[in-house]
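For reference, the structure is listed below as structure tokens.
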Amino acid sequence: MLTKEQVQFYKDNGFIKLENIFTEEEFKEISDEYDDLFARKKSIGLNATWKGKEMKDAANDEEVEVLSIHNLQFHSAVFTRLITNKKLLDALEDIMDTPNILLHHTKAHLKPPSKGSPFLVHQDYHYFPYKKDSMIAAFVNLDDSSPENGGLAIYPGSHKLGPLEDFGEPKSGQPYHYVDPEKYPLSGATPIHAKKGDVIVFSYLLLHGSYLNKSDRVRRMFLIQLMNAEDDPLQEVHKSPGQGMVLRGRNLRRDATLANRHLH
């Protein structure tokens with residue numbers, strides 16, 4: 001699926017942008033179903049904005065929100081087809097260098113126009129650390145995205161730094177994780193400009209965040225977290241109901257049972 005140059009780019013930078021993964025029909029189905037799901041669920045309260053002083057500073061003390069739904073494959077078969085998309089898994093197999101890929105979880109973040117919450121620069125590692133650091137994210141852009149409408153920003157190559165000090169929950173007491181805002185400000189990150197349908201794949205060690213959406217455009221995304229079937233969690237945290245689903249290949253470990261599929 002990917003060239004040697006593309007795979008090397010990912011190894012060097014910790015991320016890669018993939019284009020033309022979905023057909024027009026597939027993407028329309030995903031986009032329409034996404035909108036329908038958020039319309040159906042909006043009455044239950046979906047705001048997942050981080051709290052705390054650093055977050056207030058990043059939002060310029062304005063009232064902001066980001067709407068969030070997890071495990072979308074339990075809401076619609078459209079998202080089950082998305083996470084098992086052959087073309088996407090072909091690319092991920094090249095990037096992860098394994099034929100055996102497991103699902104960790106999925107989630108969607110919708111940033112409304114003019115008040116979409118930013119996210120401080122962080123590593124996903126702190127939410128669900130794994131022994132071999134095989135965890136990656138596939139970030140599907142459902143809209144054209146840029147800094148103006150709250151797009152993604154990264155520190156290229158920062159995955160090579162390994163796990164950094166967590167300035168979130170251990171220091172602030174809030175259930176969020178982020179790195180030193182003075183050393184790694186969002187303003188110092190590299191913005192990602194993406195077209196709708198583009199998929200940004202990145203290591204869970206890559207420093208990343210996203211901007212405040214002050215535009216008149218929505219920013220919708222769908223994210224898949226995946227890991228190598230031979231990797232093990234360092235902590236029993238962030239359990240999702242679909243975690244461990246085999247998306248490609250096999251889980252050949254003898255302890256891969258329904259009861260202890262997450263245990264060492």
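Values below: every heavy atom of this structure, side chains too, minus hydrogens, waters and symmetry copies. By convention here, the first residue in the shown sequence is residue 1.
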>> Using the rule that Ile, Leu, Val, Met, Phe, Trp and Tyr join whenever any side-chain heavy atoms are under 4.5 Å apart, tell me whether Val237 and Leu102 fall into a single cluster.
In response: no

> For the side chain of Glu65 and the backbone of Pro112, is there at least one donor-acceptor N/O pair under 3.5 Å apart?
Replying inline: no

> What are the two closest non-hydrogen atoms of Thr49 and Ser117, and how far apart are they?
Replying inline: OG1-OG, 2.6 Å

>> Tell me if a side-chain donor or acceptor on Lys160 pairs with a main-chain N or O of Leu206 at a distance below 3.5 Å.
In response: no

>> Under the rule for salt bridge (charged side-chain N to carboxylate O under 4.0 Å, His left out), what residues qualify as partners of Lys214, not counting sequence neighbours?
In response: Glu62

>> With a 3.5 Å distance limit and no angle check, can you tell me whether Ser68 reaches the backbone of Ala48 through a side-chain donor-acceptor pair?
In response: no

Can you give the donor-acceptor pairs under 3.5 Å from side chains of residues 27-35 to other protein atoms, not counting sequence neighbours?
from  : atom 1 : to     : atom 2 : distance (Å)
Lys28 : NZ     : Asp32  : OD2    : 2.7
Glu29 : OE2    : Arg81  : NH2    : 2.8
Ser31 : OG     : Arg220 : NH1    : 3.0
Ser31 : OG     : Arg220 : NH2    : 3.1
Glu33 : OE2    : Ser76  : OG     : 3.0
Tyr34 : OH     : His109 : O      : 3.2
Tyr34 : OH     : Met221 : N      : 3.4
Tyr34 : OH     : Met221 : O      : 2.8
Asp35 : OD1    : Arg220 : NH1    : 2.9
Asp35 : OD2    : Arg220 : NH1    : 3.4

>> Any non-hydrogen side-chain atom of Met96 less than 4.5 Å from a side-chain atom of Ile101?
In response: yes

> For atom CG of Asp97, is the number of surrounding heavy atoms from other residues, nucleotides or ligands below 6.0 Å larger than 12?
Replying inline: no

> Which atoms form the tightest heavy-atom contact between Thr98 and Glu230, and what is the distance?
Replying inline: OG1-OE1, 4.0 Å

>> I need the single residue from Phe9, Tyr204, Tyr155, Tyr10 that forms a ring-ring contact (aromatic ring centres under 6.0 Å, His included) with Phe15. Which is it?
In response: Phe9

>> side chain to side chain donor-acceptor pair (under 3.5 Å) for Ser134 and Asp231? Distances and angles first, verdict last.
In response: CA-CA 7 Å; Ser134 69; Asp231 207 349; 2.8 Å; yes

>> To check you understand the geometry: which heavy-atom pair defines the closest contact between Asn71 and Pro241, and what is its length?
In response: ND2-CD, 3.4 Å

>> Can a donor-acceptor pair be found, under 3.5 Å and without considering hydrogens, that links the side chain of Asn100 to the backbone of Gly249?
In response: no

>> So, taking the atom named OG in Ser240 and the one named CE in Met245, what distance separates them when rounded to the nearest 0.5 Å?
In response: 13.0 Å

>> Side chains of Asp166 and His126: any donor to acceptor distance under 3.5 Å?
In response: no

> Do Tyr184 and Phe119 sit in the same hydrophobic cluster, where Ile, Leu, Val, Met, Phe, Trp and Tyr count as joined when their side-chain heavy atoms come under 4.5 Å apart?
Replying inline: no

>> Just to verify, what does His159 make a ring-ring contact (aromatic ring centres under 6.0 Å, His included) with, not counting sequence neighbours?
In response: none

>> Has Ser145 got a side-chain atom pairing as donor or acceptor with Gly151's backbone, closer than 3.5 angstrom?
In response: no

>> Starting from Ile200, can I reach Val121 by hopping between I/L/V/M/F/W/Y residues whose side chains sit under 4.5 Å apart?
In response: no

>> Can you tell me how far apart CG (Leu67) and NZ (Lys42) are? Round to the nearest 0.5 Å.
In response: 10.5 Å

>> Would Leu82 and Ile224 count as a side chain to side chain contact (heavy atoms under 4.5 Å, CB included) here? Give the steps.
In response: CA-CA 10 Å; Leu82 195 167; Ile224 317 166; 3.7 Å; yes

> Of the non-hydrogen atoms in Gln123 and Tyr127, which two are nearest, and what is the gap between them?
Replying inline: O-CD1, 4.2 Å

>> What verdict does the side chain to side chain donor-acceptor pair (under 3.5 Å) test give for Gln225 and Thr106, after you've listed the backbone C-alpha separation in whole Å, the side-chain angles of each residue and the deciding distance to 0.1 Å?
In response: CA-CA 6 Å; Gln225 296 275 177; Thr106 69; over 6 Å; no

> Phe222 and ring-ring contact (aromatic ring centres under 6.0 Å, His included): which partner among Phe38, Phe79, Phe139?
Replying inline: Phe79

> If you round to the nearest 0.5 Å, how far is CD1 of Ile192 from OG of Ser210?
Replying inline: 12.0 Å

>> Same cluster or not: Tyr125 versus Leu164, using hydrophobic residues (I, L, V, M, F, W, Y) connected whenever any side-chain heavy atoms lie under 4.5 Å apart?
In response: no

> Can you check side chain to side chain contact (heavy atoms under 4.5 Å, CB included) on Leu37 and Ile69, steps first, answer last?
Replying inline: CA-CA 9 Å; Leu37 177 59; Ile69 298 176; 3.9 Å; yes

>> Does Leu247 form a side chain to side chain contact (heavy atoms under 4.5 Å, CB included) with Leu89? I'd like the steps, not just the answer.
In response: CA-CA 8 Å; Leu247 300 182; Leu89 289 173; 4.1 Å; yes

> Are Arg217 and Asp144 ion-paired here, with the side-chain N under 4.0 Å from a carboxylate O?
Replying inline: no

> For the atom pair CG (Leu120) and CG (Leu186), what is the distance rounded to the nearest 0.5 Å?
Replying inline: 7.5 Å

> Does any N or O in the side chain of Ser114 come within less than 3.5 Å of the main-chain N or O of Ser215, such that one atom is a donor and the other an acceptor?
Replying inline: no

>> Is the shortest side-chain heavy-atom distance between Glu26 and Lys87 below 4.5 Å?
In response: no

> Tell me, do His122 and Asp124 make a side-chain contact under 4.5 Å, heavy atoms counted?
Replying inline: yes

> So, does Glu93 use its side chain to make a donor-acceptor pair with the main chain of Asp90 at under 3.5 Å?
Replying inline: no

> About how many Å separate CG of Leu152 and NZ of Lys17, when rounded to the nearest 0.5 Å?
Replying inline: 11.0 Å

>> Using every non-hydrogen atom in the two residues, find where Tyr211 and Pro191 come nearest and quote the distance to one decimal.
In response: OH-CB, 3.5 Å

>> Are His208 and Phe202 an aromatic pair, judged by ring center distance below 6.0 Å?
In response: yes

>> Can you give me the closest heavy-atom contact between Leu18 and Ala91, atom names plus distance?
In response: CD1-CB, 3.7 Å

> So, Lys111 side chain and Gly150 main chain: donor-acceptor pair closer than 3.5 Å or not?
Replying inline: yes

>> Using a 6.0 Å cut-off, check whether atom NZ of Lys115 has over 12 heavy atoms from anything other than its own residue.
In response: no

> How about His105 and Phe128: are their ring centres within less than 6.0 Å of each other?
Replying inline: yes

> Between the side chain of Asn141 and the main-chain N/O of Ala194, is any donor-acceptor distance below 3.5 Å?
Replying inline: no

> In terms of hydrophobic clustering (I, L, V, M, F, W, Y; side-chain heavy atoms under 4.5 Å; direct or indirect links), are Leu223 and Leu46 co-clustered?
Replying inline: yes

> So, Asp94 side chain and Leu2 main chain: donor-acceptor pair closer than 3.5 Å or not?
Replying inline: yes

> Rounded to the nearest 0.5 Å, how far does CG of Leu205 lie from CD1 of Ile136?
Replying inline: 12.5 Å

> Is there a side chain to side chain contact (heavy atoms under 4.5 Å, CB included) between Tyr130 and His104 once you walk through the steps?
Replying inline: CA-CA 11 Å; Tyr130 269 68; His104 191 269; 3.7 Å; yes

